[in-house]
Amino acid sequence: MAMGFFGLALFLLLAFDSDQGSPSTASASTSPSAQDVEVTYGTVLKLMHEKTKVRLHSHDVPYGTGSGQQSVTGFPNVDDSNSYWVVRPIPETSAKQGDTIPNGVIIRLQHMRTRKWLHSHLHASPISGNLEVSCFGGESESDTGDYWRLIIEGSGKTWKQDQRIWLQHVDTGGYLHSHNKKYTRIAGGQQEVCGLREKRVDNVWLAAEGVYLPITESTSKWPVYGIVIFCRTSFSAAYSMMHANVPSDDTTNQIEPF
């Protein structure tokens, strides 16, 4: 039922999206309505690095150094479908799709196209030598290296679209980070994403484009769905979300250090 509802949401997005824009065109930081948009478990979104404006990105391309796992980068193209992530709880909790996400909770981010988890470990990142951030595992394979603690700036109690957040890796203590250092060979133009052991203003992220699932009433026997909120998700990106075999703008083969 949940997958059918999600498919309906994407269908409605495709039906209403046009040159005049989608039904909701809230940005990650400027739209007044963004302050009321809850990020719930099951939401499919892009994360924008506040300082450099790139989107957290992955692809079926391994690192040429370090772990050799699937690489994670910062991608400048807003519409690329390889930048979508599904917000998931950790297996040890009773949280379910549609639940709000409190400050301080541990979450996982699943790359929508490849189904692998945002991951980190003690391997050195290719450019800066910080903590490598990769994608690892799959639907039936996940470990604590996929666990990230949500930290909301200020007094926010649950994650909302307009809030500035940090993601701290549980195993290493590193904060999800990006910077202006770019790959210049195969992945030319894409920024390094890494883990940084220091919490700083330049490792702040914002929830950006995506399909934001409404809050469900956990006391009901059946989930009660509200209106799905689409935030700046283009026709081409939404189509790619529905067709996993459609190639994105990213055609790299292997991430090399420089």
Side-chain angles (χ1 to χ4, degrees), residues 41-49 54-77 80-91 106-128 130-150 165-179 181-183 186-187 189-196 203 205 207-210 237 240-241 244-257:
Y41 288 116
T43 287
V44 181
L45 53 69
K46 295 182 181 181
L47 284 177
M48 181 182 74
H49 185 238
V54 297
R55 270 57 177 175
L56 184 69
H57 183 87
S58 190
H59 33 222
D60 192 11
V61 179
Y63 283 117
T65 61
S67 69
Q69 293 176 2
Q70 182 171 302
S71 55
V72 174
T73 62
F75 201 70
N77 186 341
D80 195 273
S81 61
N82 270 329
S83 301
Y84 281 108
W85 302 83
V86 187
V87 185
R88 304 285 194 195
I90 62 174
I106 298 172
I107 64 171
R108 297 180 296 168
L109 291 173
Q110 186 176 33
H111 188 238
M112 197 186 70
R113 182 179 288 267
T114 64
R115 313 310 292 175
K116 295 185 178 182
W117 305 98
L118 186 69
H119 186 87
S120 191
H121 35 224
L122 296 177
H123 288 283
S125 61
I127 297 178
S128 64
N130 290 307
L131 299 167
E132 181 189 274
V133 172
S134 64
C135 271
F136 169 81
E139 295 286 0
S140 59
E141 183 181 10
S142 179
D143 61 27
T144 57
D146 309 329
Y147 290 9
W148 299 83
R149 188 176 302 279
L150 173 71
I165 66 163
W166 289 268
L167 290 172
Q168 185 181 25
H169 189 245
V170 172
D171 282 358
T172 65
Y175 292 87
L176 187 66
H177 179 75
S178 190
H179 42 214
K181 295 180 181 179
K182 297 179 174 65
Y183 296 99
I186 297 175
Q190 296 183 42
Q191 289 182 189
E192 182 185 63
V193 168
C194 59
L196 202 64
N203 43 41
W205 298 80
E209 303 81 13
S240 293
M241 289 170 69
N245 62 334
V246 176
S248 71
D249 294 340
D250 181 15
T251 56
T252 56
N253 296 310
Q254 187 180 71
I255 294 289
E256 298 185 14

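Just so it is clear, the values below take in all heavy atoms, side chains as well, and ignore hydrogens, waters and symmetry mates. Residue numbers count from 1 along this sequence.
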Is a side-chain N or O of [X] found less than 3.5 angstrom from the main chain of [Y], in a donor-acceptor match?
X: Ser58; Y: Ser71; value: yes
X: Ser178; Y: Glu192; value: yes
X: Asp80; Y: Asn77; value: no
X: Arg108; Y: Pro89; value: yes
X: Trp148; Y: Trp166; value: no
X: Ser67; Y: Gln69; value: yes
X: Gln191; Y: Lys181; value: no

Considering all heavy atoms of both residues, which atom of [X] and which atom of [Y] are nearest to each other, and what is their separation?
X: Pro91; Y: Tyr147; result: CD-OH, 3.5 Å
X: Thr73; Y: His59; result: OG1-CE1, 3.8 Å
X: Ala207; Y: Leu45; result: CB-CD2, 4.1 Å
X: Gly74; Y: Val193; result: N-CG2, 3.4 Å
X: Ser83; Y: His57; result: OG-ND1, 2.9 Å

So, taking the atom named [atom1] in [X] and the one named [atom2] in [Y], what distance separates them when rounded to the nearest 0.5 Å?
X: Leu47; Y: Trp205; atom1: CG; atom2: CH2; answer: 7.0 Å
X: Ile90; Y: Ile106; atom1: CD1; atom2: CD1; answer: 5.0 Å
X: Asp143; Y: His121; atom1: CG; atom2: NE2; answer: 10.5 Å

[X] side chain near [Y] side chain, heavy-atom distance below 4.5 Å:
X: Ser134; Y: Gln70; answer: no
X: His179; Y: Cys194; answer: yes
X: Trp85; Y: Lys46; answer: no
X: Tyr183; Y: Ile127; answer: yes
X: Val54; Y: Phe75; answer: no
X: Ile107; Y: Tyr41; answer: yes
X: Ser125; Y: Tyr63; answer: no
X: Leu118; Y: Asp146; answer: no

Hey, what's the ring geometry for Phe136 with His119, parallel, tilted or perpendicular (30° and 60° as the breaks)? tilted
Under the side-chain hydrogen bond (donor to acceptor under 3.5 Å, both in side chains) test, which residues partner His169, sequence neighbours left out? Thr172
Qualifying residues under side-chain hydrogen bond (donor to acceptor under 3.5 Å, both in side chains), relative to Thr43, sequence neighbours excluded: Thr40
Name the one of Leu109, Leu167, Asn203 that satisfies side chain to side chain contact (heavy atoms under 4.5 Å, CB included) with Leu176? Leu167
When the ring centroid of His111 is compared with that of Trp117, is the distance short of 6.0 Å? no
Name all pairs fulfilling the salt bridge (charged side-chain N to carboxylate O under 4.0 Å, His left out) condition that reach into residues 114-126, sequence neighbours left out, sorted by first residue then second. Arg115-Glu139
Using only heavy-atom distances, determine whether the side chains of Thr114 and Asp60 contain a donor-acceptor pair under 3.5 Å. no
